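All figures in this text were calculated on a predicted structure; none of them were measured in a lab. Just so it is clear, the values below take in all heavy atoms, side chains as well, and ignore hydrogens, waters and symmetry mates.
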Protein chains: 2
Amino acid sequence: MIFLAETYKQLIIITHQYMNLLKNLQDIVTPSRISNDPAELYCYSSDASYITGTPDYVVMPCTTTEVSEIVKLAHMHRIPITARGAGTGLAGGAVPLRGGIVLDMSRMNKLLDIDIRNLQVLVEPGLIHADLNRSLEPYGFFFPPDPGSSEMCTLGGLIANRGSGMRSVKYGTVTDYVLDLEVVMPDGTIIQTGGKVMKSASGYDLTALMVGSEGTLGVITGTRLKIHPLPKARAAVLAHFNDLEAAGNAVSAIMGRGLVPSACELMDSTTIRAVNAYDPDLNIPDCEALLLIEVDGAPCSVESDAVNVADCCKELGAFNVRIAGSESEMKELWAARRLAGAAVTRLSPGKTRVYIGEDVAVPLSVIPEMLREIRAISKKHGLTIMTYGHAGDGNLHTGMAIDTLDEKQWEVIKQAADDIHRAALLLGGTVSGEHGIGSARGMYMTEEHGSALEVMVSIKKALDPYNIMNPQKVGLE
Amino acid sequence: MIFLAETYKQLIIITHQYMNLLKNLQDIVTPSRISNDPAELYCYSSDASYITGTPDYVVMPCTTTEVSEIVKLAHMHRIPITARGAGTGLAGGAVPLRGGIVLDMSRMNKLLDIDIRNLQVLVEPGLIHADLNRSLEPYGFFFPPDPGSSEMCTLGGLIANRGSGMRSVKYGTVTDYVLDLEVVMPDGTIIQTGGKVMKSASGYDLTALMVGSEGTLGVITGTRLKIHPLPKARAAVLAHFNDLEAAGNAVSAIMGRGLVPSACELMDSTTIRAVNAYDPDLNIPDCEALLLIEVDGAPCSVESDAVNVADCCKELGAFNVRIAGSESEMKELWAARRLAGAAVTRLSPGKTRVYIGEDVAVPLSVIPEMLREIRAISKKHGLTIMTYGHAGDGNLHTGMAIDTLDEKQWEVIKQAADDIHRAALLLGGTVSGEHGIGSARGMYMTEEHGSALEVMVSIKKALDPYNIMNPQKVGLE
């Protein structure tokens, strides 16, 4: 009885604290931008992964000051804070595993400045990726990182996850484009991690530390991003291979010749089957692997580069090698690749794709080995796995679908994902090339990083001693 | 008397400790690689800056294990550890301000692996920059960051200082090329910060945190570096301007046209005078500023890019615009730029160049303002200042010379440097574009970084609680 009474007392205190919290939050932002309505909280309890966790409050800040005040409050009461962009994450990064406050950053979505003279833009974190590029196009510039979720994802989310995309083989990841971040630290302090200059050797690179830290060290409230001139021309080469090894070798060989493609995408035989089933008009020949290689730059060099790439593929045994130079031909070639993500369910009708084990990256030289490993894992578990992705930087996406109401199938897919992660690590790879660790891949951090994980934990503890910033993520606890 | 006795006792303890230290060090490395000979210690008491500080011991490790054992010893006895490459630093970064042990890393200079298939090399930190590029040339590859001290500086030093060079305008800084670092942490633990993969979204970016941390967080004992295909062709454009504003505008305008030059160097009128005095054959026309712009890539595009750059300069009022396409013509154009550093003393015969206030960087759009500020500072202090450098990324080097035996002249140069640093900060710039903070620029860290400096200090304290790693640097204390 004493125990129950104590529990009840605790409950009263907590309830009281939370009621106060609502009032306190209302002092910071207008009530219409705060919610604890269960239906709304439910919408914020997942991202595009299978991870779930319900927040206690959702708040939609409009300014950095509001974010800072909310974080100060959370800091005082030790309440978890999880920042969320568009919720397109694939590892549960924006899911509030310990409840608390979700900061929906989507209202802070202004493109504040396009500064062509300084080759940069100043944006709020909630701006949608594709919107930025649409705004830059008339100036002949673009922001090169190109996530598949471009039309939905926010720049803040992309930065927090160290995202990239198809063109990172030439243009790098988001890290290479962030000049400055405005970050609200775990105690509410607002810092600038960089500045307007194109380079600096002054102090620790806090910008790069924050990029990819998945909201565990602070909340990104603004950023300056480097932009790049749009390439004048593009061409694409499509090559079919009957041998995985040859396709993998082609990737290395192309780069070894001094060609840096702007994209180098791969689809394995299972993906080809899925895509053909999705759109029979595509009629891709049956083969072990298909490479779609894009080159960009000056019109004169693009043409010769494409021929060079095609020759290289042919020398390594490719058949049916095609070069597309016109926009319409390019579109046709890219159609198949763009369908890959959606086509996975065609191989397993009635099943749902689960994003799990979907983002490993390996050194370029072991891409064929990794593809063979995935095939063996597919066979071992009797689970169809299609593999496609950014062969140019070794980042392979796997597509697997199950009946999500069947617990046994969950067991199987989890085991298959575990095998995929471990195979990538054994080949010197990483469990995430561009989607992040979130809570879906935290268990591999020790295996992947060894003692370096302790260094990450020390940094986390030093900057966020009460562990309020997106707790239980990135394998830090 | 009691006090004296106590002091004496302390002295005995310290002496004893140091004697033990020597013995302990000898247990780790062979005695020939340890020195406490005053003459030798003197050689390690400065770098290429004006900062000095004498170590107690110099140790030359040959393996990571040796470094780890030495650091463990230092950790146990709270002895400062300063890692040193070739001592070409310009901010006192490798100078042991609190004595202790200097680790001369120059014996760990092996090029362990050239891995073209994975577009990377594995090297020890003591490898000389130019040696790496000489080894890569036969493969048609290069490591793009190109410090002026290439023939002397070590890759470890370059990484620790987040160095770059003339070609960073197109190719970025050293950060963009470090895939992995092996680091001995302040307690002797050995970590790997990255891996063989080309990209990763797994965990905090410790690689980028270590790059530019100037040995204050650990000792770099190995690294994997991304390499890049050598460009097939190069061309250079030389343009003379009678108006600073126009020269500055040309830099922005060239990039605004979608051209990314591989170098964009500037020399102001004082530098031109100095270079002409050094080598009258160069006979550069008197003008306010000269731009030397290099483009590289495919032969066909290089030609049209060079014409485009030349046209752009002409439109903005440049005169005497020349395009050099052949190797010999290119060499001739670059000769003047290469002389700039040495020529400074020609303007002030009998004086010595002091590297101070020599590395500011500002946003591209304010380069003309910064040049005018420097001119005003020169006038104010009656001190000749020549300005040259990497206009393409806003990094301006200033050259000043004094009679170093004259204390008054020291006062003047220090005041001028202070004015230069503050002017750069007021224009939204940084006190160091590529040379680092060391102890020469620590006093500007608060002004430049505000509250972000506290975040850096927290990280330093968390990872190096006894402050043994290169203490008194980067403005952290």
- Message: With a 4.5 angstrom heavy-atom cut-off, is it the side chain or the backbone of B:I437 that approaches chain A, or both, or neither?
- Response: both
- Taking every heavy-atom pair that is under 4.5 Å apart, which of B:I459, B:V474, B:L209 has the most such pairs with chain A? B:I459
- With a 4.5 Å cut-off on heavy-atom pairs, point out which of A:L427, A:T193, A:V197 contacts chain B the most. A:V197
- Message: Heavy atom to heavy atom, less than 4.5 Å: which residues from residues 169-180 of chain A reach chain B?
- Response: A:T173, A:T175, A:D176
- Message: Using side-chain contact (heavy atoms from CB on, under 4.5 Å), reason through A:M198 and B:N395 one step at a time and then give a plain yes or no.
- Response: CA-CA 9 Å; A:M198 299 306 274; B:N395 189 195; over 6 Å; no
- Query: Heavy-atom distance under 4.5 Å to chain A: side chain of B:V260, backbone, both or neither?
  - Reply: side chain
- Query: Do A:T216 and B:Y204 have side chains that get closer than 4.5 Å, going by heavy atoms?
  - Reply: yes
- Heavy-atom pair of closest approach, residues A:K196 and B:P363: CB-CG, 3.6 Å
- Message: So which residue, A:G256, A:G194, A:A462, ends up with the most heavy-atom pairs under 4.5 Å with chain B?
- Response: A:G256
- Query: With a 4.5 angstrom heavy-atom cut-off, which part of B:Y444 approaches chain A: side chain, backbone, both or neither?
  - Reply: neither
- Per-residue tally against chain A (heavy atom, under 4.5 Å) across B:G433, B:G258, B:A208, B:S301 peaks at B:G433
- Item | Heavy-atom pairs under 4.5 Å with chain A, option from B:K199, B:M456, B:Q120 with the top count | B:K199
- Message: I'd like to verify something: which residue of B:I116, B:L453, B:I190, B:N249 has the highest number of heavy-atom pairs under 4.5 Å with chain A?
- Response: B:N249
- Considering only heavy atoms, which portion of B:E214 lies under 4.5 Å from any heavy atom of chain A: side chain, backbone, both, or neither? side chain
- Please determine, among B:Q192, B:M445, B:H449, the option with the most heavy-atom pairs under 4.5 Å with chain A. B:H449
- Task: Sort B:T189 into side chain, backbone, both or neither according to what part of it lies under 4.5 angstrom from a heavy atom of chain A.
- Result: side chain
- Note on the structure: Per-residue tally against chain B (heavy atom, under 4.5 Å) across A:S213, A:S304, A:G212 peaks at A:S213
- Message: Between B:K461 and chain A, with a heavy-atom cut-off of 4.5 Å, which part of the residue counts as in contact: side chain, backbone, both or neither?
- Response: neither
- If you count heavy-atom pairs under 4.5 Å with chain B, which of A:L476, A:V183, A:L259 comes out on top? A:L476
- Name the region of A:K473, side chain, backbone, both or neither, that has any atom closer than 4.5 Å to a heavy atom of chain B. neither
- Option that, when pairs with chain B are counted at under 4.5 Å, heavy atom only, ranks first among A:S458, A:A91, A:P299, A:A201: A:A201
- CD (B:E245) with more than 12 external heavy atoms under 6.0 Å: yes
- Tell me, side chain or backbone of B:D359 under 4.5 Å from chain A's heavy atoms, or both, or neither? neither
- Task: Below 4.5 Å from any heavy atom of chain A, which atoms of B:R441 appear? Answer side chain, backbone, both or neither.
- Result: neither
- Looking at CZ of A:R117 and CD1 of B:I367, how far apart are the two atoms once the value is rounded to the nearest 0.5 Å? 9.0 Å
- Residues, nucleotides or ligands: over 12 heavy atoms within 6.0 Å of A:E137 CD: no
- Note on the structure: Interface check, chain A: of B:S365, B:G394, B:S451, B:G429, most non-hydrogen pairs under 4.5 Å belong to B:S365
- Item | chain B contact via A:S168 - side chain, backbone, both or neither, heavy atoms under 4.5 Å | side chain
- Message: Give me the atom names and distance for the closest heavy-atom approach of B:I191 to A:A452.
- Response: CG2-N, 3.8 Å
- Query: Would a distance-only check, ignoring hydrogens and angles, find a side-chain to backbone donor-acceptor pair under 3.5 Å from A:R162 to B:G203?
  - Reply: yes
- Of all of A:P229, A:G195, A:S200, A:A298, which one pairs up most often with chain B through heavy atoms under 4.5 Å apart? A:S200
